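Take a look at the structure below.
Here is the naming used below: chain letters follow the sequence lines, and residue numbers restart at 1 for every chain. This is a predicted model, so every value here is computed, not measured.
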There are 2 protein chains.
Amino acid sequence: MIKILIVEDEKAILDLIKINLQRVGYQCECANNGKEGADLLAENDYDLVLLDIMLPHINGYELLEYIEPLGIPVIFVTAKGSIKDRVKGLHMGADDYLVKPFSIDELIARVESVLRRYHKGMKVIHVLDIEIDTQTRQVKQNNQIISLTNKEYDLLLYLVQNRNTALYREVLYEKVWEEEWDESRTLDLHIQRLRKKLNWHHEIKTIFKVGYMLEEHV
Amino acid sequence: MIKILIVEDEKAILDLIKINLQRVGYQCECANNGKEGADLLAENDYDLVLLDIMLPHINGYELLEYIEPLGIPVIFVTAKGSIKDRVKGLHMGADDYLVKPFSIDELIARVESVLRRYHKGMKVIHVLDIEIDTQTRQVKQNNQIISLTNKEYDLLLYLVQNRNTALYREVLYEKVWEEEWDESRTLDLHIQRLRKKLNWHHEIKTIFKVGYMLEEHV
DNA sequence: AAAAGTTGTATCAAAATTGTATCATCATCC
DNA sequence: GGATGATGATACAATTTTGATACAACTTTT
């Protein structure tokens with residue numbers, strides 16, 4: 001379970017962030033000012049801090065100095081377009097910033113991006129007859145470790161995270177390889193290798209003229 | 001089946017939204033004011049609420065407070081870019097907003113985006129005796145999977161999304177094949193294949209010298 | 001530097017889709 | 001009611017897509 005600390009004095013924004021992060025599966029704790037934030041940080045482990053700059057008592061910068069040595073990523077929440085703040089925050093070690101007003105999509109995207117960067121992905125994912133440990137990138141089947149290469153693992157993870165969805169070749173390729181699809185057969189080959197290693201000849205369905213889909217009957 | 005509640009007092013906009021959402025396969029119910037909306041919400045389950053802010057009696061914000069604890073996503077419909085409203089809405093928990101005047105494409109895109117975010121888009125369209133899962137591109141009839149080819153699926157989806165409308169050959173061909181119609185019989189052949197696979201010999205009507213129409217008596 | 005492992009290209013085989021040709025049937029208009 | 005053109009049905013051929021295998025280029029490890 002991923003724990004996020006939100007330090008924000010505006011109740012409306014605090015709730016907006018909290019509700020939406022909880023909705024997509026994060027555990028949230030809240031502090032209304034810098035002091036509370038520092039206290040919570042002293043007592044608990046968090047995977048990420050969302051930090052407003054304008055806070056009563058202790059301001060965001062001061063708190064940031066306190067957080068930094070803990071090695072916890074921080075996303076700054078700044079009032080509308082104060083570029084000075086953004087720059088200062090980034091210089092001081094914030095990992096990203098969010099400018100009010102922001103959209104829910106943007107909030108979630110930034111949180112996920114930072115977490116991904118810190119490799120604090122979720123826990124263990126169970127799908128069909130395998131389990132994937134996203135921390136160690138290990139894949140087990142019947143308690144036996146299946147050794148996958150990097151690309152194979154990335155591809156598997158994407159398939160798993162989007163199981164029961166028809167995935168277009170281009171999308172799949174672009175997400176895993178992070179470059180444009182150039183009509184090459186690379187993706188097909190990797191799919192075959194996955195199928196072979198996991199004995200998933202039927203589980204990974206090919207959708208003719210479209211792409212592939214990992215099927216998990218629910 | 002996905003159910004959407006539309007709360008909007010302007011008849012024209014209400015119809016515009018309703019007709020277009022129904023066209024792409026959502027079930028819609030409507031309320032002309034906040035009171036009606038609250039009543040419907042009390043009695044039914046919805047997957048999404050489209051909520052106008054300016055409503056007689058109970059305004060959008062008040063209704064939003066009522067909806068929030070239900071955990072149903074809300075898209076705000078606001079008059080011209082009043083940023084204040086947008087911000088307020090987002091702060092209060094709306095998931096997205098739509099600024100009048102909006103395009104149909106935008107409407108559908110936002111609806112789908114929010115639904116996807118909430119329950120990873122179980123967008124299933126029910127028509128006659130089949131159900132189409134647009135996520136997996138699977139078509140079921142009496143709970144049996146009907147295997148369709150790519151072109152067949154695309155054609156079926158277009159027919160379904162435009163059911164009860166006479167579709168000209170050229171239009172149909174150009175939409176599905178994405179190229180000019182060249183007087184070939186290809187379309188006819190695919191129509192026949194669909195009719196056969198789905199046993200839809202009467203449901204897909206041919207309109208002499210014009211084209212085809214999927215008929216769903218309502 | 002050699003070995004081992006990874007990743008992508010090339011090639012051929014197999015499979016599925018798609019479209020053409022043909023003839024039969026049907027609808028419409030004189 | 002017959003002529004004419006449009007559509008339905010069927011078979012089959014052409015094309016495209018995917019699977020399988022081998023191997024070459026490249027990286028990392030030893």
Interatomic distance, [X] [atom1] vs [N] [atom2] [rounded to whole Å]:
| X | N | atom1 | atom2 | answer |
| --- | --- | --- | --- | --- |
| A:Lys197 | C:dT7 | NZ | P | 8 Å |
| A:Ile207 | D:dT18 | CD1 | C1' | 13 Å |
| B:Arg137 | C:dT17 | CZ | C1' | 14 Å |
| B:Arg169 | D:dG5 | CZ | P | 16 Å |
| A:Asn150 | D:dT29 | CG | P | 11 Å |
| A:His201 | C:dA15 | NE2 | P | 16 Å |
| A:Asp182 | C:dG8 | CG | P | 10 Å |
| B:Lys205 | C:dA27 | NZ | P | 12 Å |

Out of [options], whichever nucleotide has its closest atom nearest the side chain of [X]:
| X | options | result |
| --- | --- | --- |
| A:Thr149 | D:dA6, D:dT10, C:dT7 | C:dT7 |
| B:Phe208 | C:dT7, D:dT17, D:dG5 | D:dG5 |
| A:Arg195 | D:dG19, C:dG19, C:dT7 | D:dG19 |

Closer than 3.5 angstrom, by distance alone: can the side chain of [X] be matched with the main-chain N or O of [Y] as a donor-acceptor pair?
| X | Y | answer |
| --- | --- | --- |
| A:Lys3 | A:Cys28 | no |
| B:Asn164 | B:Glu215 | no |
| B:Glu203 | B:Leu214 | no |
| A:Arg195 | A:Gln192 | no |

Could you check whether B:Tyr212 gets within reach of a base, just the sugar-phosphate, or nothing at all, counting any heavy atom under 4.0 Å?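 Sugar-phosphate, backbone atoms only, no base.
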Quick check on [N]: is either OP1 or OP2 less than 4.0 Å from any side-chain nitrogen or oxygen of [X]?
| X | N | answer |
| --- | --- | --- |
| A:Lys151 | C:dT7 | no |
| A:Lys209 | C:dT17 | no |
| B:Trp177 | C:dT18 | no |

Please list residues of residues 184-194 of chain B whose heavy atoms come under 4.0 Å from any atom in DNA chain C, ordered by number; otherwise none. B:Ser184, B:Thr186, B:Leu189, B:His190, B:Arg193
Is it true that the NZ or CZ of B:Lys175 lies under 6.0 Å from the centre of B:Tyr158's six-membered ring and within 45 degrees of the ring axis?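 No, B:Lys175 and B:Tyr158 do not form such a contact.
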Test: A:Lys140 and A:Asp133 ion pair at under 4.0 Å: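 So A:Lys140 does not pair with A:Asp133 through a salt bridge.
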Which word best sums up how the rings of B:Trp177 and B:His190 line up, parallel for under 30°, tilted for 30 to 60°, or perpendicular for over 60°? perpendicular
